[in-house]
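Read the structure below first, then the notes.
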Amino acid sequence: MILYPAIDLKDGQAVRLLHGDMDRATVFSDDPAAQARDFVAAGCSWLHLVDLNGAFAGAPVNAAPVEAILKECSVPVQLGGGIRDMATIETWLEKGLHRVILGTVAVENPDLVREAARTFPGHVAVGIDARNGYVATKGWAEETDIQVTDLAKSFEDAGVSAIIYTDILRDGAMGGPNIEATAELAQAVSIPVIASGGVSSLDDLIALRDCGAELNGAISGRALYDGAIDLKEALVALKT
């Protein structure tokens, strides 16, 4: 199971939000590229980036720090937030991004997801952000009446490389992930699932690994910044 260190970008800084609230942001670094280098130096094999401003704006906002990370780090990088058209997808992939994460458009324009997955096989993931089992969009600001599993199943034949599933109420709260819901989703679809939201300890990572469903990986942010998870220790543990 892959551990994806998260760098959430707001106003050019690396931050973490509580429950997805932009007004409840904690700044962890003024130099996201330096933070990315630290994660890579510790041994991570992937990086997970989110353009928080972009998620609300509907277009990339924090392009400069993302580009700096792509130039300075050799590991593959996935990015979500504000990626809502083919031109933006193509631009990011040309800049060296390995995987784009499509969230809002997966609800509003699923045909775009299918087109992107066909055009760029292996480089398109779907981000499903949920509150109480229902999908939320536009930076988690808008709730829908679509259930998580229904949305995931609708992309079974689309060729997407992964589903990043985030439980919003767990995100940034250091209260542990929603293991049951994550396992249920992973068992319901054949698409690889990456868990996100609330991963706050090595025990959480082990529980996800051993949840009974084969997860592709887990994303952690605040716990790595706070030192609740030692990245090197976690990477060793997940290889065993």
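In this chain, numbering begins with 1 at the start of the sequence shown.
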Assess the residue pair Ser45 and Ile2 against the criterion (side chain to side chain contact (heavy atoms under 4.5 Å, CB included)); give the C-alpha distance rounded to whole Å, side-chain angles, the decisive distance to 0.1 Å, and a yes or no. CA-CA 8 Å; Ser45 59; Ile2 299 169; 3.9 Å; yes

Would Asp38 and Gln35 satisfy side chain to side chain contact (heavy atoms under 4.5 Å, CB included), going step by step from the backbone distance to the final call? CA-CA 5 Å; Asp38 288 346; Gln35 181 61 69; 4.2 Å; yes

Mind running side chain to side chain contact (heavy atoms under 4.5 Å, CB included) on Leu9 and Asn53 for me, showing each step along the way? CA-CA 7 Å; Leu9 300 164; Asn53 301 103; 5.9 Å; no

Could you please spell out the steps behind the salt bridge (charged side-chain N to carboxylate O under 4.0 Å, His left out) verdict for Arg114 and Asp157? CA-CA 9 Å; Arg114 296 174 181 278; Asp157 62 345; 2.9 Å; yes

Working for side chain to side chain contact (heavy atoms under 4.5 Å, CB included), residues His123 and Val100: CA-CA 6 Å; His123 297 288; Val100 295; 5.8 Å; no

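Closest non-hydrogen pair, Leu102 versus Ile83, comes out as CD2-O, 3.4 Å. When all heavy atoms of Arg222 and Arg16 are compared, the pair lying nearest together is N-NE, 3.5 Å. Scanning both residues, Ala234 and Leu3, for their nearest heavy atoms gives CB-CD2, 3.8 Å. Between Cys211 and Ile179, the shortest heavy-atom distance links the atoms CB-CG2, 3.8 Å. Residues Ala218 and Met1 approach most closely at CB-CE, 4.1 Å, considering heavy atoms. Minimum heavy-atom separation, Leu235 to Cys44: CD1-N, 3.5 Å.
Inspection of the Thr104 and Thr137 side chains reveals no N or O donor paired with an N or O acceptor under 3.5 Å. Remark: the Asn216 side chain and the Tyr4 side chain contain an N/O donor-acceptor pair separated by less than 3.5 Å. Ser190 and Glu156 form a side-chain donor-acceptor contact under 3.5 Å, judged by distance and modelled atom types alone. No side-chain donor-acceptor contact under 3.5 Å links Asn178 and Thr182.
Follow the hydrophobic side-chain contacts under 4.5 Å out from Trp46 and you never reach Tyr165; the two are in separate clusters. Ile219 and Val15 fall into different hydrophobic clusters, where Ile, Leu, Val, Met, Phe, Trp and Tyr side chains are chained together by heavy-atom contacts under 4.5 Å. Hydrophobic clustering (ILVMFWY, side-chain heavy atoms < 4.5 Å, transitive): Val193 and Val160 are in one cluster. The same ILVMFWY cluster, assembled from side-chain heavy atoms under 4.5 Å apart, contains both Phe155 and Phe120. The cluster map of Ile, Leu, Val, Met, Phe, Trp and Tyr, joined by side-chain heavy atoms under 4.5 Å apart, puts Leu224 and Val199 in the same cluster.
Applying the side-chain contact (heavy atoms from CB on, under 4.5 Å) test between Ile229 and each of Ser220, Pro5, Ser200 identifies Ser220 as the sole match.
For the pair Ser29 (side chain) and Asp31 (backbone), a donor-acceptor distance under 3.5 Å is present. Remark: side-chain polar atoms of Asp85 are paired, donor with acceptor, to backbone N or O of Ala87 under 3.5 angstrom. A donor-acceptor contact shorter than 3.5 Å links the side chain of Arg84 to the backbone of Ala55.
Rounding to the nearest 0.5 Å gives a distance of 13.0 Å between CG of Asp51 and CD1 of Ile7. Rounded to the nearest 0.5 Å, atoms CG (Asp204) and CZ (Arg209) are 13.0 Å apart. Atoms CG and CG, from Asp230 and Leu202 in turn, are 9.0 Å apart once rounded to the nearest 0.5 Å. Atom CG of Asn62 and atom CD of Gln13 lie 9.5 Å apart (nearest 0.5 Å). Distance OG1/Thr26 to CG/Asp8: 11.5 Å, rounded to 0.5 Å. Distance OG1/Thr149 to CD/Glu184: 7.0 Å, rounded to 0.5 Å.
Between Phe28 and Tyr225, the ring-plane angle classifies as parallel under the 30° and 60° cut-offs.
Heavy-atom neighbours of Glu94 CD from other residues, nucleotides or ligands within 6.0 Å: above the threshold of 12.
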Taking only distance into account, with no hydrogens and no angle test, what donor-acceptor pairs under 3.5 Å do side-chain atoms of residues 64-82 form with protein atoms, sequence neighbours excluded?
from	atom 1	to	atom 2	distance (Å)
Glu67	OE2	Lys95	NZ	3.2
Glu72	OE1	Arg37	NH1	2.0
Gln78	OE1	Arg99	NE	3.0
Gln78	OE1	Arg99	NH2	2.8
Gln78	NE2	His48	ND1	2.9

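Counting heavy atoms from C-beta outward, Ile128 and Val126 have side chains that approach closer than 4.5 Å. When side chains are defined from C-beta on, Leu238 does not count as touching Val236, because their heavy atoms never get closer than 4.5 Å.
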